[in-house]
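Naming: A, B, ... by sequence-line order, numbering from 1 per chain.
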Amino acid sequence: MLGKLALAGIKNRRRDYLVLLVGLTMSAAIFYMFANLATNQAFIKANAVVSQAAIIFGFGAVLLILITIVYIMYANSFLLSMRQHDYGLFMMLGATRKRVGELVFLETLILGTLATAVGIVLGLLMSQFLVGLLLDMLGLHLAHLSAFYLPAVIATAVLYVGLFILASLFNLVRLTRTTVLKLLHTDEQANQPKIHPFRQMVSAVLGVLFLAIGYWALAAIKTLQVSAIPVALVTITIGTYLLFRATILVIIQGLRRTKWAKKHLNGFLLGQLNFRVYNYTRMLTIVSLLFAMALGAITVGSGYHRQLPMMANSLGTYTVAIHDKNAQEQKLIDQLNVKHQATYTQKRQGKVVYYNTAELKRQPFELNRGTTEAKYRTHPAYYSESLAKFKKSGSQSLDFLSLAIRSEQGFYAPQFLNAKQFAKQRGKTVTVTTVRVKSMNQDKAVLKHLNKLELQRFAQPSAMTVGNYQSFELMSAFFGGLEFMGYFLGIAFLAMLASCLMFKILSGAPGDKQRYQMLYKIGVRQNLMRHGIAKEIGILFLIPGIMGVIDVLFGLQMFKPLMQSPMSPYLGIGSIFAIFIGLYAIYYVITLLLYWRIVLPKAPAD
Amino acid sequence: MTTNTVVDVHDLEKTYGKANERQYQALKGLNFTVEAGEFVGIMGASGSGKTTLLNMLSTLDTPTKGDVVVNGHDVTKMRGNQLADFRAQEVGFIFQDFNLLESLTAEENIGLPLALKGTSSRVMDQAIHEVADTLSIADLLPKYPAELSGGQKQRIAAARAIVHHPAILMGDEPTGALDSTSARELLDLMTTINREQHMSVLLVTHDPFSASFCQRILFIKDGQIGSEIKRGEQDRSAFYQQILNELGTFNE
Ligand SMILES: Nc1ncnc2c1ncn2[C@@H]1O[C@H](COP(=O)(O)OP(=O)(O)OP(=O)(O)O)[C@@H](O)[C@H]1O
Ligand SMILES: [Mg+2]
């Protein structure tokens with residue numbers, strides 16, 4: 001009987017349950033994808049060329065677990081908030097606590113197990129398609145990646161089901177400890193926090209102090225090494241919490257005394273925020289951290305994505321050098337967005353390669369200041385030298401020498417002959433075409449193909465690179481893992497942070513429903529209520545957003561050692577911030593729409 | 001006293017349930033008027049349609065048929081924002097369950113109808129303190145609803161209902177959740193408001209004692225006005241007796 005009643009209760013709120021289930025499923029799927037990457041030994045060994053990558057994967061896994069715990073906590077409180085009125089009613093009708101407790105336990109566990117099972121399947125599918133897609137988009141190749149990896153399935157299942165068992169137990173205790181009356185009227189309790197000026201001041205000062213220590217630790221990662229990260233994590237968390245607690249309430253209560261508060265629904269808005277923000281301090285802190293981590297990770301990922309070509313470009317002048325190009329290669333070259341192109345004839349004999357000065361006069365060899373002078377590293381400056389000068393200096397540049405690679409040991413020594421002598425000179429004739437493209441990212445596919453053909457025909461010592469494209473490929477192999485991690489973790493964190501916020505806010509909806517019903521009765525326009533809700537939720541999204549952005553701006557310091565000049569973690573972050581904030585805004589809109597649907601009173605139908 | 005009509009209800013019908021569902025006709029052609037400054041009670045058995053009627057008058061629900069004119073506004077022709085504005089400006093409502101916003105102080109609760117109108121804060125403060133003095137609740141203003149007793153809450157609710165000088169004050173069993181002392185205080189308060197501010201009052205109640213504060217009482221039966229009695233020059237206890245007698249015959 002009670003089971004039937006409970007089912008009916010769930011049916012009534014099936015849409016809210018759907019939101020909850022989708023959120024939990026997504027979380028489990030993301031976790032599986034990550035676990036698949038992080039625990040797959042073959043994959044890690046094949047890709048973790050840089051020692052940091054292994055650490056970062058491990059660190060990412062720990063973060064993800066922590067966040068998953070917090071996430072489930074909030075999802076669970078949303079679940080409880082939806083159900084406790086019903087449970088209270090059952091008890092009032094005479095159901096024993098034990099029976100209701102069983103019901104709560106089962107309900108939570110069934111929901112959780114369902115979400116986990118569906119999530120793992122979804123995670124499998126996503127590993128198969130999404131991860132591949134993401135890698136393709138980034139132009140990366142990660143070896144030994146398979147969608148199904150049993151240890152990852154087990155890890156996900158154990159973690160999630162374990163957490164849900166804990167959550168069920170928590171709900172059980174929570175329900176059996178609270179009185180029936182409280183369960184029935186939880187929505188109506190709104191305690192008003194009091195301000196203690198002295199304590200508030202102290203906590204503000206402490207908050208700033210902790211934040212400063214945290215930011216400093218991140219900047220000093222070179223000296224503190226790995227320990228900088230936990231230090232920063234702890235101090236920034238505490239600092240943010242104290243700062244929120246000290247300032248937000250004072251600001252709100254200050255605003256409540258102004259004239260502005262007496263216009264329209266502003267007073268109501270402030271009143272709502274007043275007791276909300278206080279209860280939300282912990283959640284806002286966590287969300288601001290998540291926000292920072294998500295944004296930071298994506299910024300770093302995209303930083304590598306955009307800056308690797310830049311880094312590569314600072315190493316030389318031409319993108320590719322093609323020897324004795326054939327028709328197929330010419331066709332590929334024609335597809336490139338060429339900025340500069342030159343073809344030279346070589347005669348190779350003994351240890352010497354001869355060049356025709358007439359040819360070099362006609363098309364002087366291009367040099368890049370960025371390879372020698374630090375200030376040109378981010379913005380390469382191309383120039384050429386007079387023939388006399390080139391013979392002395394430019395011809396000894398690595399770029400020029402690499403046009404004629406002799407063996408593992410080195411290059412042919414360049415010599416210059418005038419046209420007549422060159423014609424008479426014996427030796428193997430080779431032509432070499434250098435091409436510099438406008439943007440490597442843009443022509444990546446063609447360059448890849450071209451480079452492959454060149455290497456097939458002219459094998460070169462493996463440690464040696466010719467042209468910026470080869471440097472780029474080499475660096476991609478080193479940093480690609482980091483780039484991928486950045487994007488992946490960033491997206492995962494964003495998804496979870498926003499759902500945390502969403503669940504927390506939505507769990508306040510049943511209480512708000514009554515408040516808006518009251519406003520409706522005393523004649524508040526529907527639009528005014530809509531705007532009021534939009535502002536209220538907007539502020540709850542804004543606070544952690546602002547704090548998160550500040551965290552990231554400081555936190556990126558941490559990546560300075562990993563992104564050495566000409567790369568910089570701060571380069572071009574504007575557009576990434578804009579995209580990220582756009583995604584965050586989408587979450588805001590979804591939350592708002594759900595909230596409106598739950599809370600706004602319906603006008604009577606005609 | 002002027003003889004302007006504040007409420008004019010004509011042939012009012014309300015049927016619950018959609019055409020294809022099970023229907024129930026709660027009001028079956030109701031007719032009555034309330035003059036400006038009148039204190040009118042509405043009585044009737046449980047389920048007779050009192051709340052339904054009040055919901056029609058206060059535009060919380062729409063009639064199936066008939067006309068409702070409140071202070072010159074044809075309520076049945078209003079839509080959307082007009083309905084909200086009408087509730088905000090023309091009616092003051094006291095609910096059985098207080099309907100105070102617990103996130104606001106008593107003062108902010110009372111000021112809400114004025115804030116909605118966009119009244120300047122100076123005028124608002126003045127108006128709030130005026131009603132607070134009239135209803136002797138000045139000392140309760142800085143408190144939150146959670147810190148108030150039921151009777152105190154209802155007095156704050158009454159203050160909120162009249163702070164913007166609506167054309168009519170309505171109450172649906174406003175004494176329903178109060179003990180007899182608090183109930184009596186509230187009724188005295190409503191009488192004061194009615195007398196001093198010449199505000200029309202419409203009080204729905206099933207309690208003869210509450211009803212004895214009215215000048216005229218309408219009895220609803222089977223969705224129609226069954227009968228009507230007037231207090232005239234009688235004192236309250238005599239009128240109370242008359243109500244009891246009427247209920248006796250009415251319920252037969
Ligand atoms: N939303 C609704 N849908 C269907 N029927 C309704 C609805 N609201 C009320 N009714 C019916 O209309 C009739 C009148 O209800 P109403 O609430 O007006 O009674 P009332 O006179 O206020 O009673 P009480 O003194 O118990 O408050 C009742 O029979 C009730 O069942
Ligand atoms: Mg009723």
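Looking at Arg122(B), there are no atoms closer than 4.5 Å to chain A (heavy atoms on both sides), in backbone or side chain. Heavy atoms of Leu100(B) lying under 4.5 Å from chain A belong exclusively to its backbone. Looking at Leu270(A), there are no atoms closer than 4.5 Å to chain B (heavy atoms on both sides), in backbone or side chain. At a 4.5 Å heavy-atom cutoff, Phe86(B) makes no contact with chain A through either its backbone or its side chain. With a 4.5 angstrom heavy-atom cutoff, Asp125(B) touches chain A only via side-chain atoms. Only the backbone of Thr119(B) has a heavy atom closer than 4.5 Å to any heavy atom of chain A.
The OH atom of Tyr516(A) lies 9.5 Å from the CG atom of Leu101(B); values are rounded to the nearest 0.5 Å. Here CD of Glu102(B) is found 8.0 Å from CD of Gln514(A). Values are rounded to the nearest 0.5 Å.
Counting heavy atoms from C-beta on, the side chains of Phe93(B) and Lys521(A) never come closer than 4.5 Å. Within the 4.5 Å cutoff, no side-chain heavy atoms of Ile522(A) are placed close to those of Arg87(B). Taking 4.5 Å as the limit, every side-chain heavy atom of Leu116(B) sits out of range of all side-chain heavy atoms of Leu519(A).
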Could you walk me through whether Glu108(B) and Lys262(A) pass side-chain contact (heavy atoms from CB on, under 4.5 Å), step by step?
CA-CA 8 Å; Glu108(B) 287 165 330; Lys262(A) 295 189 176 162; over 6 Å; no
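Ranking Asn55(B), Asn99(B), Leu112(B) against chain A, the residue ahead of the rest is Asn99(B), based on heavy-atom pairs under 4.5 Å. Chain B forms more heavy-atom pairs under 4.5 Å with one residue of His264(A), Gln272(A), Gln517(A) than with any other, namely His264(A).
Within a 6.0 Å sphere centred on NZ of Lys143(B), other residues, nucleotides and ligands contribute 12 heavy atoms or fewer. Within 6.0 Å of the NZ atom in Lys513(A), the count of heavy atoms belonging to other residues, nucleotides or ligands does not exceed 12.
When all heavy atoms are compared, the tightest approach of Ser121(B) to Lys259(A) is OG-CG, 3.3 Å. Residues Ala88(B) and Gly523(A) approach most closely at CB-O, 3.3 Å, considering heavy atoms. The shortest heavy-atom contact between Leu104(B) and Gly271(A) is CD2-CA, 4.1 Å.
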